[in-house]
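Throughout, protein chains are lettered first and strands after them, A, B, ... in sequence-line order, and every chain is numbered starting at 1.
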There are 2 protein chains.
Amino acid sequence: MTGKGASRARRGRPRQAEVARLAGVSQTTVSLVLGGNKQGITLHEDTRRRVLAAARELGYVPDPAARRLAAARNNLLGVFSFTATFPTAVEHSYYPFLVGVEQEAAARGYDLVLFTGSSSGSQAAAPGALERVRLADGCLFLGRHLPADGLRRLVEHGYPAVHVGRHEELAGLAWVGVDYVAASFEVVRHLEGLGHRRVVLVREDDEAPASTDRERGFRSGLAGPGAGDAVVRTADPASDITPGWLRARLAEGVTAFVAEETDTGAAWRALLAAVDGAGLSAPDDLSLALLGSPPADLAARPEPAGFDIPRAALGAAAIRMLTALLAGETADEPLVACAFRPGTTAGPPPAAP
Amino acid sequence: MTGKGASRARRGRPRQAEVARLAGVSQTTVSLVLGGNKQGITLHEDTRRRVLAAARELGYVPDPAARRLAAARNNLLGVFSFTATFPTAVEHSYYPFLVGVEQEAAARGYDLVLFTGSSSGSQAAAPGALERVRLADGCLFLGRHLPADGLRRLVEHGYPAVHVGRHEELAGLAWVGVDYVAASFEVVRHLEGLGHRRVVLVREDDEAPASTDRERGFRSGLAGPGAGDAVVRTADPASDITPGWLRARLAEGVTAFVAEETDTGAAWRALLAAVDGAGLSAPDDLSLALLGSPPADLAARPEPAGFDIPRAALGAAAIRMLTALLAGETADEPLVACAFRPGTTAGPPPAAP
DNA sequence: ACCCGGAACTAATGCGCATTAGCAGTGGGG
DNA sequence: CCCCACTGCTAATGCGCATTAGTTCCGGGT
């Protein structure tokens, strides 16, 4: 039974047939005119105008479902998140991304569908929840832990999908990502350019591509030896990165410390605390860098050397990639570059005692 | 011409007809079984099982477009903004709202369409840009300066629309809003409870309902006389609200100052500056309150007495209102209440000299 | 006078599904 | 022995649109 609300909503929603009646033509003609007449059928200019006028007068808007069913497209791009679409915890990083998505989509004449997919816990695992995205012409997928099966099915069926974040496991899934490798490389090079010869990276214990990419860039930026123990991986930075630990590294000749950025910023936080606790300060006693942007609550602290993630650009790139897929074009460059940030926490190493 | 993507997407996807063939039944039966058979047609249990098995074997998933076409609704709610959908300037106030919208929509089984309507300048004024919202079953409208004509048309056609923000001009347009009147009333009462007898409101020169409502609440909260000049309206708080002005008020016996919250926070900013400039401090020399939340960059300052706008709750209320309209129910309460915030800027008035 | 070709449309069809009307079979009551 | 109610299913239809295969009208050529 059709819901009462639905029928209300539909009443007054004009169809092509009504436009046709008002314009004194057939539904076919209306479809032709409004659809751009790609089949090149000759239509009188007056007719065209009459149809257009009638459509405007009635406020006609095509039904996306019908359009889709008739095997066309509906100018809708989807955004599907495997966490809440609007996560509350990472608002500061998520919002700019959406800004980029919206602007690029608008510029290309697409509207956005936000699939409230997995936000409501219970429905999350519902098989077929993913399939709803087919309403849109193509879809962006966000989140680290994607249901591989569902996504694979979509991709295999040729559905245009773009994952936000590097993703090589699922062959055929297009993705866009941040070039953490190059950005991290650049930070290390900057430090070495300042004269640092031994640099340590503190990273959390996470296998996300965003983490491993940073480490890769870090390592490839290291010139000298000692790269073997240049990376410290810890599940609990707060208790592992202590003033004592810091002093020991300094004693070994390490002069610069680099922290990975994560949602929590734990590594950076621990590093700052250790420096404070040891009674030292950057950039005089040692240099610090952050592979990303500092958490919002640390905005008052001195600006860390490092790089900024161009989140809006990432969103725009994702949309560009998706529309390229839709157009059947070959894919763009999937990586967006970060902006190097000199900051105030890195300088030349202190003169040897 | 059918897009390549669309046809590719379709190839290989099983339909009900194929499931039916495999199960040895009709398409109707498949639809009945998979659709839950809400019409109560008697079906043999074996048949049901065969259909289910066949569907599983083929990996059948219903086509949402077809489903929605047949059901005459598409489970889509729109969000249309007369500024960019994701404004960059007021992110801190906008994001929480969207969080509420999303959660409530998800809970009710709706997806969201963000109309990139007026964000891309050029398209903004396009007549009929508004009509695109008809794509969704109903729509939220945000922004102060709405194109009344377009909206009226939608409303007259019976299109379910909800404006976010009080809006009485356009009859028939449903709205949800923040109860600034009650919240402001409460703030004034709090101040009077502390002993303040003369209180002044500093507001910007704006006729927005959000402003007039605050003033209304403020005035109705005032107990004593002198309410006539208790409200100062200024187009340029920074130059009107000076230390000198402040001293003059104090000399008149005013002991508490209340600022309206706006996007810029100019009134509050000016008030703080005047207090500083006069070498005074709250709550010792005078009491301050803010009818809203402080701007983000003033987060480090002492927490103002006042109230917090429950933005997420507002978003949720908007969706509830909209779904109520869709269901043909009578409208909910349109006002959401604010949370009183004692803050640290208000205390008893100083003892008379 | 007749045919032909282009201009300007329209009728008919199908997309995949939900829904409604209806049809065969079966057993029981009158 | 006929009618009826009931069980268990299917044919037919329509949602709103895009597309394909026509159809009608008209002026020129021969």
Inset, instruction - Answer with base, sugar-phosphate or nothing: what part of the nucleic acid does A:Val25 contact at a heavy-atom distance below 4.0 Å? - result: sugar-phosphate
Legend entry - Touch class at under 4.0 angstrom, heavy-atom based, for A:Leu43 against every strand present: sugar-phosphate
To check you understand the geometry: which heavy-atom pair defines the closest contact between [X] and [Y], and what is its length?
X        : Y        : result
A:Ala17  : A:Gln27  : N-CG, 4.3 Å
A:Cys139 : A:Val79  : SG-N, 3.8 Å
B:Phe115 : B:Val133 : CZ-CA, 3.4 Å

Does a side-chain N-to-carboxylate-O contact under 4.0 Å join [X] and [Y]?
X        : Y        : result
A:Arg48  : A:Glu45  : yes
B:Asp111 : A:Arg132 : yes
A:Arg15  : A:Glu18  : yes

Rounding to an integer number of Å, can you tell me how far [X] [atom1] sits from [N] [atom2]?
X       : N      : atom1 : atom2 : answer
B:Asp63 : C:dG14 : CG    : C1'   : 14 Å
A:Glu45 : C:dA7  : CD    : P     : 15 Å
A:Leu32 : C:dT10 : CG    : C1'   : 10 Å
B:Arg48 : D:dT7  : CZ    : P     : 17 Å
B:Ile41 : D:dT7  : CD1   : C1'   : 12 Å
A:Gln39 : D:dC17 : CD    : C1'   : 12 Å
B:Tyr60 : C:dA18 : OH    : C1'   : 10 Å
B:Arg21 : C:dG16 : CZ    : C1'   : 13 Å

Of the nucleotides [options], which one has an atom closest to the side chain of [X]?
X       : options                : value
A:Thr29 : C:dT10, D:dG8, C:dC17  : C:dT10
B:Arg15 : C:dG16, C:dC9, C:dT19  : C:dG16
A:Ser26 : D:dT20, C:dT10, D:dC17 : C:dT10
A:Gln27 : C:dC9, D:dG16, C:dA12  : C:dA12
B:Ala70 : C:dT20, D:dG14, D:dC17 : D:dG14
A:Leu69 : C:dA7, C:dA18, C:dG16  : C:dG16
B:Thr28 : D:dG16, D:dT10, C:dC17 : D:dT10

Legend entry - Aromatic plane relationship, A:Tyr95 with B:Tyr94 - under 30° parallel, 30 to 60° tilted, over 60° perpendicular: perpendicular
Inset, instruction - Ignoring backbone atoms, establish whether B:Arg68 has a side-chain N or O less than 4.0 Å from OP1 or OP2 of D:dC15. - result: no
Inset, instruction - State whether A:Ser31 places a side-chain N or O below 4.0 Å from either non-bridging phosphate oxygen (OP1 or OP2) of D:dC17. - result: no
Legend entry - Donor-acceptor side-chain pairing of B:Ser31 and B:Thr28 below 3.5 angstrom: no
Legend entry - Relative orientation of the end axes in the helix from C:dA1-D:dT30 to C:dG30-D:dC1, expressed as an angle to the nearest 10° (five pairs per end): 90°
Inset, instruction - Starting from the 5' end of DNA chain D, give me the residue, B:Ala66 or B:Gly24, whose nearest nucleotide shows up first. - result: B:Gly24
